[in-house]
Amino acid sequence: MAVPSVLTPQSEDFPKWYQDVVAKAEMADNGPVRGTMVIRPYGYAIWERIQSAIDGRIKLAGAQNAYFPLFIPESYLSKEAEHVEGFSPELAVVTHAGGERLAEPIVVRPTSETVIGEFMAKWIQSYRDLPLLLNQWANVVRWELRPRLFLRSSEFLWQEGHTAHASAEDASAYAMRIHLRVYNDFLEKVLAVPTFLGIKPPSERFAGATNTMTCEGMMRDGKALQMATSHELGQNFARAFDIYYQSEEGQAQLCFTTSWGASTRLVGGLIMAHGDDNGLVLPPAVAPWVAVVVAVREDEEILAACRRLHEELTHGGVRAQLDDGRRGSFGRRVTDWEMKGVPVRVEVGPRDLAQGLVTVVRRDTGEKFPVALSEVASLVLRLAEDIQRDMYQAATAFRDARTSDVTSLDEAIVAAQSGFARLTWDLVGEAGEARLKAEAMTVRCLQRSDGSIPANDLEEGLIAIIAKSY
RNA sequence: CGGGAAGUAGCGCAGCUUGGUUAGCGCGCCUGGUUUGGGACCAGGAGGCCGCGGGUUCGAAUCCCGCCUUCCCGACCA
């Protein structure tokens, strides 16, 4: 079709494309205060699906939800030296309240290790209280220098898990369990985003952690995005907040803690991992509507058929939307549904209907099928599964095509202009990291040669994944 | 915070160089009509502290000073 593109093409200006999609798919707007974000209903519906998928997995892993306060005494932050150093530059601090200057400034949480640590210390007495597995859904504030909708906003929504364990082994195993069975499982099965799993090099670790694990996804421009992260905090926070338990032998022992989080950034990752020049492309599992029934024109017979189909789909367990044609021309409405990334479109028009047919269209591939009215519901269910699987495969093929094994830092710098480079960690080192930094690249993660997650960065034969990132 | 660009209707922009009727255009929005199988068309209409503050001037969207905000590229980062 000779219709001019609605969006800036990805190949022309990827950041502009991203902003266009966020605006035109009605996902979010900038808030009035720098870096803040208004999440619009369609964007929030996607977030709600992400939330429920992650929340279910967290509960299966045995953690319970709780809620801790937004305001934290400033003194808490300074109890863990690296932590305060890491977060100080981006804190929002309340100095006045109730019309008076506060005796001790209050920090708006940038993350909750400190308050939660304080309460863990109160709640944990015995080894029988361990492990203590907590999670909270909350907003946090980090005064970022360069905000971008969903990817880096001053205030963002997330889930943060915080756990306390009797041993380093137990803490480590739990962090790994969360990383694989909550985050990576969610990313693969729900967001349909393949990842590289690994640990961050020491320079990229979370402030106060002894080990940080990451799930790195590849965006359509070949850049990396950290989509979820899990930290082993060792005894650093336990020491700072006196999180002790009494062992079976009656001795006071310091706990080992973990923390792990995933945020509204996932929505940005979802957009950039699957979107195309016509807009969003949503995997059925996160799509607010898996199918939209579109009336080609406003006509009683057509509308009646649309309503029946919509009802049938809904009863069949498909989240379906009805487009009755009141909002303008067919072409315009189709363009809008494509922009929103609805996985399956069911087009009902007079020509097809005369033969008892409708046209079913896949958003991911653009394929169109003529389908008998009686078979629409079952086909949509099957297509939803196919699309979910095919999108994961397509994303994996894309990532693999843009990932190269290299044998020197020079080659890595070339390869990481447009994708990921895999290079032996020994060949990077501190000097290498500095050179990468000059090229706006980082070591995204370290993994074993078989792709599994190493226990620490001292293991032999580790591979560094090198890329530009968001 | 450094480098670059830009703030004029919901969005995208012109007008500014050379100050001067009532500040324009496209899209969107409202009303009516014709339409509808890939961004429809006609007619009528609503909508502006021209980013904010100060200055120059008879007169400022336009010139001068200061500030703020947004976007892009870095550093920080989920």
Side-chain angles (χ1 to χ4, degrees), chain A residues 1-8 13-16 18-20 23-24 26 29-36 85-91 110-111 138-160 183 200 203-207 212 214-217 224-231 259-269 278-279 294-299 302 323-339 345 347-354 357-359 361 366 368 370 437-442 468-470:
Chain A
M1 243 10 78
V3 182
S5 182
V6 185
L7 292 170
T8 306
D13 186 343
F14 196 85
K16 183 82 166 70
Y18 177 81
Q19 285 173 240
D20 282 359
K24 293 189 177 177
E26 301 178 331
D29 271 334
N30 278 310
V33 171
R34 174 187 166 69
T36 60
E85 193 184 332
F87 281 105
S88 288
E90 49 192 76
L91 291 180
T111 179
N139 57 339
V140 287
V141 169
R142 298 181 187 180
W143 218 253
E144 299 292 352
L145 299 176
R146 195 179 147 204
R148 299 187 70 183
L149 289 172
F150 288 115
L151 297 172
R152 209 171 27 239
S153 43
S154 300
E155 175 192 4
F156 58 92
L157 307 183
W158 75 347
Q159 107 348 262
E160 50 179 323
Y183 295 144
K200 287 290 180 186
S203 61
E204 303 274 328
R205 255 182 223 146
F206 175 76
T212 289
T214 177
C215 300
E216 297 287 325
L225 182 73
Q226 177 174 311
M227 304 194 71
T229 180
S230 313
H231 314 289
S259 70
W260 26 280
S263 71
T264 34
R265 166 177 281 190
L266 286 169
V267 179
N278 293 319
V294 183
V296 165
R297 60 169 69 166
E298 270 185 277
D299 168 286
I302 290 170
D323 176 350
D324 60 15
R326 257 170 244 173
R327 280 201 63 84
S329 73
F330 176 70
R332 174 52 190 256
R333 288 180 285 127
V334 163
T335 311
D336 286 346
W337 291 119
E338 283 184 338
M339 185 65 68
R345 208 161 63 238
E347 300 176 353
V348 184
R351 286 206 302 270
D352 286 345
L353 203 56
L357 299 174
V358 296
T359 300
V361 189
K368 299 187 179 185
K437 193 168 182 177
E439 300 287 337
M441 294 168 184
T442 45
K468 293 189 174 181
S469 72
Y470 283 94

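Remember, predicted model here, so these are calculated numbers, not experimental data. Lettering follows sequence order; numbering is per chain, from 1.
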Using atom names, set out every protein N or O paired with an N or O of nucleotides 48-52 of chain B below 3.5 Å, distance rounded to 0.1 Å.
none

Dump every N/O contact between nucleotides 75-77 of chain B and the protein below 3.5 Å, one line per pair.
from	atom 1	to	atom 2	distance (Å)
B/C76	OP1	A/K437	NZ	3.0
B/C76	O2	A/E144	OE1	3.2
B/C77	O2'	A/E144	OE2	3.0
B/C77	N3	A/R152	NH1	3.4

Between protein and nucleic acid, restricted to nucleotides 8-14 of chain B and to nitrogen or oxygen atoms under 3.5 Å apart, what atom pairs and distances do you find?
none

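In the set B/G38, B/U36, B/U70, the nucleotide with an atom closest to the side chain of A/E338 is B/G38. Candidate nucleotides B/C71, B/A78, B/C29 were compared by shortest atom distance to the side chain of A/Q19, and B/C71 ranks first. Of the candidates B/C71, B/U35, B/C72, B/C71 carries the atom nearest the A/N30 side chain, counting heavy atoms from C-beta on. The side chain of A/S329 has B/A40 as its nearest neighbour among B/G38, B/G37, B/A40. Listed nucleotides: B/G38, B/C29, B/A78. Nearest to the side chain of A/R327: B/C29.
The side-chain contact (heavy atoms from CB on, under 4.5 Å) test with A/K200 is passed by exactly one of A/T229, A/T212, A/T442: A/T212.
One can find a donor-acceptor pair under 3.5 Å joining the base of B/G38 and the side-chain atoms of A/R345.
Judged by distance alone, with hydrogens and angles left aside, the side-chain atoms of A/Y18 form a donor-acceptor pair with the main-chain N or O of A/L149 at under 3.5 Å. In this structure a side-chain-to-backbone donor-acceptor pair under 3.5 Å is missing from A/Y470 to A/Q226. Under a 3.5 Å cut-off, the side chain of A/R333 and the backbone N or O of A/V296 do form a donor-acceptor pair. At distances below 3.5 Å, at least one donor-acceptor pair connects side-chain atoms of A/R265 with backbone N or O atoms of A/L151. Between the A/E144 side chain and the A/S154 main chain, no donor and acceptor come within less than 3.5 Å of each other. Judged purely by atom type and a 3.5 angstrom limit, A/D20 has no side-chain atom pairing as donor or acceptor with the backbone of A/L7. No donor-acceptor distance shorter than 3.5 angstrom exists from the side chain of A/T264 to the backbone of A/F156, with no hydrogens or angles considered.
Of the P atoms belonging to B/U62 and B/C16, the separation is 13 Å, rounded to the nearest Å. Of the C1' atoms belonging to B/C52 and B/G7, the separation is 11 Å, rounded to the nearest Å. Rounded to the nearest Å, the gap between the C1' atom of B/G12 and that of B/C58 is 37 Å. To the nearest whole angstrom, the two P atoms, one in B/U56 and one in B/A9, are 28 Å apart. Taking atom P on both B/G37 and B/G48, the two are 36 Å apart, rounded to the nearest angstrom. B/C49 and B/G10: their P atoms are spaced 7 Å apart (whole Å). With C1' as the reference atom, B/C65 and B/G20 are 24 Å apart, rounded to whole Å. Nucleotides B/C41 and B/G51 are separated by 37 Å at their C1' atoms, to the nearest Å.
Between A/W260 and A/Q159, the closest heavy-atom pair is O-NE2, 3.4 Å.
Within the shown strands, B/G12 is the pairing partner of B/C25 under the Watson-Crick or G-U definition, both distances less than 3.5 Å. The partner of B/G2 is B/C73, judged by Watson-Crick or G-U wobble contacts that both fall below 3.5 Å. The nucleotide B/C49 finds no pairing partner, because no Watson-Crick or G-U wobble arrangement with both distances shorter than 3.5 Å includes it. With both pairing distances under 3.5 Å, B/C41 is matched to B/G33 as a Watson-Crick or G-U wobble pair. Across all strands shown, B/C58 pairs with B/G20; the Watson-Crick or G-U wobble distances both stay below 3.5 Å.
If you take OG1 on A/T214 and CD on A/E204, they are separated by 9.5 Å, rounding to the nearest 0.5 Å. With rounding to the nearest 0.5 Å, the separation of CH2 in A/W337 from CZ in A/R345 is 11.0 Å.
Rounded to a whole Å, the CG atom of A/D336 is 15 Å from the P atom of B/G38. Taking atom CG on A/D323 and atom P on B/U36, their separation rounds to 16 Å, with Å as the unit.
Aromatic stacking is marked for A/F156 over B/A78, as both cut-offs hold: 5.5 Å for the centres and 30° for the planes.
Of the charged side-chain nitrogens involved, at least one lies within less than 4.0 Å of a carboxylate oxygen, so that A/D324 and A/R326 count as a salt-bridged pair.
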